[in-house]
Amino acid sequence: MPTWQQLRDLKITEYDDAADGWGHVSNRADAARVRVDQEMSIPVRSTQKGETPDAAVGRLNRLSDNFQYLHSECGLIRTTLNALAKDLVAPRRKLLRALEDAESLGFTVNDDGSVTYPNPVPLAPGNGKATPGAPAPFLPGKGEGQVNEHKAKAEDIAERISAAVSDATEIDSRYAGVLRKLKAPTGLDVTKEMLADSGKDMQAVQKVAGGLADKGDIPHGKSPAENKAWWDRLTREQRDEYMTLYPAQIGALDGIPSIARDTSNRMVLAQTMAQTQIALDALPDNPPQFIQKGDPPSSVVNPVWQKWVPLRDRMKGMQAIQARLDSSGMPGKDSKGNPTSGVPQAYLLGFDTKGDGRAIVATGNPDTADNTAVYVPGTGSGLANAHGDIGRMSDLWRTANQQSPGQTTSTITWIGYDAPDQIPNAVARHYAYDGAPALNSFMDGLQTAQGGPDNSHTTLIGHSYGTTTVGAAAKLPGHIAADDIVAIGSPGMLVSDASDLDVGSDHVWSEAARTDPVPALGQEALGGRKLGVSTWHGIPYNAGSIISIPSDESFGAHRMDVDTSGHSGYWDQGSTSLMNQANVVVGRYERVKED
């Protein structure tokens, strides 16, 4: 427990200076992580092959993880110290005012916090000493033979001194407990237990330091422009505080810089992966789906399996994201097995595990890209199946990059809505309408972070039911923040004509393989002829006619040549299907081969 003398002599600026020091370490650690990822790992991956380079990359990945952990933990220490300094200002000010009042009245403050005031009338009872805990309201010295007007003032000062010390003691105790927990074991490895604990550390700091960076001040339900305005008003230190304390909320803010979202979401991903792995480790690996129970025994669903499956699926998706983050610069292979160029740095622009999970992964920084493509996957997409969708945008980036020398391109996988889980559910329109506002906000946020509509050529690509979601977004009031729309394997887009898609029919493009069953389902079974319904995705089915979908000539879109087969081959490397998408993305329309 501090004494009043210690509180009086406290130099709060020393806490601020210490916080600045820890903040400097945190920022240096994050900068070091970026340098390891971009300047060290990428060159090794892109130029070297063999066991030795692979081992070096593994060590660099571990070093990157360590720097990320340092960034988070040192940031928490900085935030804790800043909040401690801020909270100690009030009790210290209260103490100093009490001491000033004592001095002005000629009172003496004793070592134990009691206050001696001018002696009462000689021979009268009372010792002229006030201590905390006097009855309230304070009475002016009755019973001392004569009223002593100093008694109440002295008792008031003693109470204020005691209250100031008590407040400081409570603050010191709260923060000391948190700071003691912010300590990592000796060693070079950041373990899953340490990462899981960092999430608990964050929650502990939020409780004691929430007033420093108030969660309630973070914009919620605001436009990307309003989000950016809020972010721009913050100082560098305030931004660091919010990213450290509330990374999930900051990582989800459309309109703020991609680097800030990426840094915040990486923290959330690392902590969630660690927590999920610990939960998986507590369960048997690959438990049976059914067990025998009862007498006589019958087959019932295994409750352990029910716990294990969602954890497994979540981990599968997070591992796919982490693999993309770790593979920056790593060459790929084309359809013939020939090496291809490495992809640039990945940016994690969105992540959470709600519902089927969300993941927004950019290949290249969209804030500075000359060309940007946003890919919206369809039925069955979600965190568990993120690997394939992320890979498609890496392949598109490679092809687009080859078609636009001297320009920069960013391709983004947007798994930002709950898509239908199975094809039968894809007849429902609500998945598209529910996801459309989030897609529009993200597109507006990209444009806002880029600095306006003229700073990047933007293409919105939908696949399967993803085209339906794109159609819903393009129908909403306002202008969709895209220059071109590409519909791939589309069952319908909630409109019957390309001119209804906001970007204008000349900037709507379609791909449909002849062996892709989904457009056929959109035309016939789901269009009304087989199911007997009157509309498909809101488009009237009149007089037995088949509704128009993007791959129909009557829809009015550019029908691009497709040389791939099935519903998922559109991104086969070296294909015309992929080349056509890339040429739209980089605005080389004259190179697009139309059907």
Quick test of your reading of the model: are [X] and [Y] salt-bridged, counting only N-O distances below 4.0 Å?
X	Y	answer
D281	K192	yes
R559	D552	no
R392	D395	no
D313	K316	no
K228	D254	no

Spacing of [atom1] belonging to [X] relative to [atom2] belonging to [Y], to within rounding of 0.5 Å:
X	Y	atom1	atom2	value
M393	I412	CE	CD1	10.5 Å
D484	L460	CG	CG	10.0 Å
I250	R261	CD1	CZ	10.5 Å
F290	W305	CZ	CH2	7.0 Å
L195	S72	CG	OG	8.5 Å
N580	L578	CG	CG	9.0 Å

Using only atom types and a distance under 3.5 Å, with no angle test, would you say the side chain of [X] pairs donor to acceptor with the backbone of [Y]?
X	Y	result
N385	S381	no
T515	G566	yes
Y465	A432	yes
S456	T458	no
T276	T272	yes
D444	P224	no
T363	S410	no

Contact check, side chains of [X] and [Y], non-hydrogen atoms, under 4.5 Å:
X	Y	answer
V592	V584	yes
Q289	V309	no
Q277	M315	yes
L269	L348	yes
H387	R324	no
T468	P491	yes
D418	D434	no
D356	L383	no

Output field: ring centroids H558/Y589 closer than 6.0 Å: no
Output field: ring centroids H463/H567 closer than 6.0 Å: yes
L283 CG: over 12 foreign heavy atoms closer than 6.0 Å: yes
H479 atom NE2, neighbour heavy-atom count above 12 within 6.0 Å: yes
Could you verify whether a donor N or O on one side chain and an acceptor N or O on the other, from [X] and [Y], lie under 3.5 Å apart?
X	Y	result
E226	S223	yes
D561	T576	no
S505	S499	no
S577	D563	yes
W571	Q581	yes
R514	S565	no
Y375	D389	yes
T409	N401	no
N365	Q345	no
Q403	R591	yes

Nearest atoms (heavy-atom pairs only) where [X] meets [Y]:
X	Y	answer
A472	L494	CB-CD1, 3.4 Å
A473	L439	CB-CD2, 3.9 Å
V470	G462	CG2-CA, 4.1 Å
Y570	E511	CD2-OE1, 3.7 Å
A557	A498	N-CB, 3.9 Å
V518	S464	CG1-OG, 4.2 Å

Check against side chain to side chain donor-acceptor pair (under 3.5 Å), N265 and Y347: CA-CA 9 Å; N265 286 315; Y347 293 81; over 6 Å; no
The single option from Q450, Q447, H457 passing side chain to side chain donor-acceptor pair (under 3.5 Å) against T372: Q450
Test side-chain contact (heavy atoms from CB on, under 4.5 Å) applied to T263 and H71, step by step: CA-CA 10 Å; T263 299; H71 168 62; 3.5 Å; yes
Side chain to side chain donor-acceptor pair (under 3.5 Å) between D326 and Q322, intermediate numbers included: CA-CA 6 Å; D326 292 340; Q322 190 62 55; 3.0 Å; yes
